[in-house]
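Worksheet: one structure, shown below.
Atoms within each ligand, like the ligands themselves, are counted from 1 in listed order.
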Amino acid sequence: MNAPRTACVVGAGIVGCATAHALARDGWRVILVDAAASPGQGATLANGAQLSYSYVEPLATPAALAALPRWLLAPDSPLRWRPRPEWAHLRWLLAFVLACRQARVRRTTAELLALSFHSRDVLHRWLREPGLGEAALAAGHAQPGKLVLYRQAAQREAVERQVEHQRVFGCRQRLVSADECRTLEPALAATGGGDIAFGVWTEDEEVIDAAKLAAALARQTGSVQRRLGCTAEGFVRRSGRIAGLRLAGGEEIAADAFVLAAGPGSAALLQPLGVALPIEPIKGYSITLPVRQPAAAPRASITDSARKLVHARLGDSLRVAGFAELCGSDRAVDARRIEALCQAVRETYPGACDFSQVNPWAGLRPATPSGRPLVGATRWPNLWINTGHGALGLTLAAGSASLLADLMQGRTPAIDATPYRPRAC
Ligand SMILES: Cc1cc2nc3c(=O)[nH]c(=O)nc-3n(C[C@H](O)[C@H](O)[C@H](O)COP(=O)(O)OP(=O)(O)OC[C@H]3O[C@@H](n4cnc5c(N)ncnc54)[C@H](O)[C@@H]3O)c2cc1C
């Protein structure tokens with residue numbers, strides 16, 4: 001019998017942990033490396049918790065492009081941009097603008113839906129494994145459905161078109177009236193939900209705490225060796241292959257194959273190899289706070305499309321997340337953003353939460369211009385990539401991990417891998 005091959009996965013966020021899990025299930029011996037002391041500490045840590053399989057429309061759309069000037073000028077805008085005189089940043093922005101064309105958006109949405117539905121199938125399969133289902137329940141896994149609230153009646157036609165377009169790909173969504181929104185989510189009734197014009201209801205959307213899922217995936221299989229607290233400094237090349245991963249301190253980890261899944265840290269690790277990964281860190285914020293009055297807090301996942309915020313109930317807590325800041329790699333928490341999140345909770349669900357225990361957080365989404373992740377081979381025969389999941393890393397992690405494992409095993413993947421191929425590599 002052949003000895004198992006060794007794969008070194010760099011990055012123990014939700015994407016790296018899912019990749020480690022998929023490879024271990026395939027019989028690989030996996031070494032999972034991360035600079036942090038535990039899995040899921042990067043963009044994964046306190047994200048919006050949405051397994052948002054039917055809401056994958058990218059950030060780059062004609063509507064987003066049209067709204068940019070307004071968003072950039074408004075003081076309370078969900079978007080913030082600090083221009084940097086860097087070639088990679090400018091090239092990313094240009095590619096983002098080009099990705100906003102309607103035909104591209106349609107194609108990208110279809111490609112992301114294929115990956116997200118694959119992701120749902122894979123995750124559901126994994127959650128039937130002994131131990132993982134229980135861990136997922138402890139991580140707040142539930143299928144409460146998702147209600148997207150719209151405040152302007154004028155948006156209805158465009159939303160209706162999007163729902164129709166997505167139906168072809170298997171999304172089960174329906175437009176609902178403002179009254180139906182309050183029936184579907186009684187917690188909205190306390191305030192009348194504000195000025196709701198209409199909503200879109202998707203009953204099969206799920207939630208889970210991403211960091212807890214990442215930790216469960218990383219410890220599920222005995223063949224995953226965790227090297228936490230180890231910062232990767234770069235890859236070592238020999239004879240046209242990657243021979244090792246060099247850690248701070250000089251240690252070199254040898255493996256048969258290497259997977260780069262370091263989220264926003266991925267580009268820096270590839271740069272010395274002459275590869276410019278088109279990934280921009282997009283900062284977002286969240287608060288997690290205890291629910292004081294369960295009946296006053298939402299059960300369903302709520303997306304407030306006007307404020308660009310998502311609300312998820314995770315057991316006894318409420319998580320609210322949002323905002324998009326293109327301001328480099330600074331992870332500082334802006335108190336004004338946190339106050340805006342608290343204010344949204346106070347206004348939408350009065351009396352529901354305990355504000356004496358707010359847990360504020362900021363994280364960097366590893367975003368490609370189009371919103372499509374980069375999953376696949378590079379020009380080095382044993383270096384693979386799984387990163388760039390932007391606002392959808394939790395949703396797409398299991399699907400991309402399984403796709404990559406198929407490619408690494410030389411199997412035909414369950415979905416077409418071409419759209420996610422990292423062409424720049
Ligand atoms: C506010 C917010 C809300 C979000 N909400 C949702 C949501 O509701 N649903 C959803 O699907 N997605 C959501 N996302 C997006 C999702 O969180 C990300 O796409 C996902 O976490 C990316 O996972 P990752 O594993 O690629 O990166 P990360 O989680 O950032 O993990 C990368 C890991 O690599 C490690 N690393 C980096 N460089 C090195 C190095 N040199 N050496 C060693 N280790 C290194 C880091 O320590 C980190 O642990 C949200 C993101 C944000 C910020």
Side-chain angles (χ1 to χ4, degrees), residues 8-20 32-53 55-56 59 78 112 116 119 123 146 205-211 213-214 217-218 227-235 245-248 253 259-270 279 281-288 301 303 308-312 314 319-325 329 331 333 337 341 360-368 371 373-375 385-401:
C8 174
V9 178
V10 189
I14 187 62
V15 173
C17 290
T19 307
L32 180 61
V33 176
D34 201 293
S38 47
Q41 298 300 298
T44 300
L45 186 59
N47 75 9
Q50 318 268 319
L51 288 161
S52 186
Y53 300 114
Y55 287 90
V56 296
L59 184 62
L112 288 173
S116 78
S119 208
L123 184 63
K146 184 180 183 72
E205 298 287 66
E206 303 170 21
V207 294
I208 194 164
D209 184 307
L213 176 63
L217 288 169
R227 295 291 312 272
L228 301 171
C230 296
T231 301
E233 284 196 339
F235 293 101
L245 177 74
R246 200 182 54 258
L247 300 183
I253 295 181
V259 180
L260 181 59
S266 301
L269 285 168
L270 271 194
I279 291 184
I282 300 190
K283 183 149 103 173
Y285 295 82
S286 76
I287 54 170
T288 308
S301 277
T303 297
K308 305 261 175 268
L309 299 181
V310 293
H311 311 180
L314 289 169
R319 168 96 36 95
V320 180
F323 304 124
E325 299 184 352
S329 298
R331 281 178 59 176
V333 176
R337 291 299 207 190
L341 293 174
W361 176 77
L364 301 172
R365 304 173 183 92
T368 61
L374 306 167
V375 185
I385 288 189
N386 194 2
T387 190
H389 295 72
L392 289 168
L394 170 59
T395 306
L396 302 178
S400 341

Just distances here: any N/O of [X] and N/O of ligand 1 closer than 3.5 Å?
X	result
L394	yes
A261	no
V33	no

task = Under the side-chain hydrogen bond (donor to acceptor under 3.5 Å, both in side chains) rule, what do H311 and S301 come out as? Steps first, then yes or no, please.
result = CA-CA 6 Å; H311 311 180; S301 277; over 6 Å; no

Can you list the ligand 1 atoms lying under 4.0 Å from a non-hydrogen atom of [X]?
X	answer
G390	15 (C), 16 (C), 18 (C), 19 (O)
P264	30 (O)
G13	25 (O), 29 (O), 31 (O), 33 (C)
G284	1 (C)
G363	53 (C)
G42	29 (O), 30 (O), 49 (O)

Quick check: closest heavy atoms across [X] and [Y], and the distance to 0.1 Å?
X	Y	value
L228	A12	CD2-CB, 4.4 Å
V310	G48	CG2-CA, 4.0 Å
A232	L247	CA-CD2, 4.0 Å
A218	L32	CB-CD2, 3.9 Å
A18	L217	CA-CD1, 3.9 Å
F235	L270	CE1-CD2, 4.5 Å

Below a 4.0 angstrom heavy-atom separation, can you tell me which part of [X], side chain or backbone, both or neither, approaches ligand 1?
X	answer
S286	neither
A214	neither
A391	backbone
Y285	backbone
L51	neither

query = Taking it one step at a time, do Y285 and E325 satisfy side-chain hydrogen bond (donor to acceptor under 3.5 Å, both in side chains)?
reply = CA-CA 10 Å; Y285 295 82; E325 299 184 352; 3.1 Å; yes

Options S400, G322, A267, A43, ranked by nearest heavy atom to atom 30 (O) of ligand 1, top entry =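 The option holding the nearest heavy atom is A43.
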
At what distance is the nearest protein heavy atom to [atom], and which residue and atom is it?
atom	result
atom 33 (C) of ligand 1	D34 OD2, 3.3 Å
atom 51 (C) of ligand 1	R365 CG, 3.5 Å
atom 20 (C) of ligand 1	G393 CA, 3.8 Å
atom 50 (C) of ligand 1	N47 CB, 3.4 Å
atom 39 (C) of ligand 1	A262 CB, 4.2 Å
atom 9 (N) of ligand 1	Q50 O, 2.9 Å
atom 21 (O) of ligand 1	T44 OG1, 2.9 Å
atom 42 (N) of ligand 1	A232 N, 2.8 Å

At the 4.0 Å heavy-atom cut-off, does [X] count as touching ligand 1?
X	answer
A210	no
V310	no
C230	yes

So, the side chain of [X] versus the backbone of [Y]: is there a donor-acceptor pair under 3.5 Å, distance only?
X	Y	value
T44	I14	yes
S266	G263	yes
E205	Y53	yes
S52	T395	no

ask   = Where do D34 and Q41 land on the side-chain contact (heavy atoms from CB on, under 4.5 Å) test, with the steps shown first?
value = CA-CA 9 Å; D34 201 293; Q41 298 300 298; 5.9 Å; no

inquiry  = If you define the side chain from C-beta out and look only at heavy atoms, does anything of L123 sit under 4.5 Å from L51?
reply    =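 Yes - at least one pair of side-chain heavy atoms lies under 4.5 Å apart.
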
Between S286 and R319, a side-chain donor and acceptor under 3.5 Å =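 There is no such pair (donor and acceptor under 3.5 Å, judged by atom type) between the side chains of S286 and R319.
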
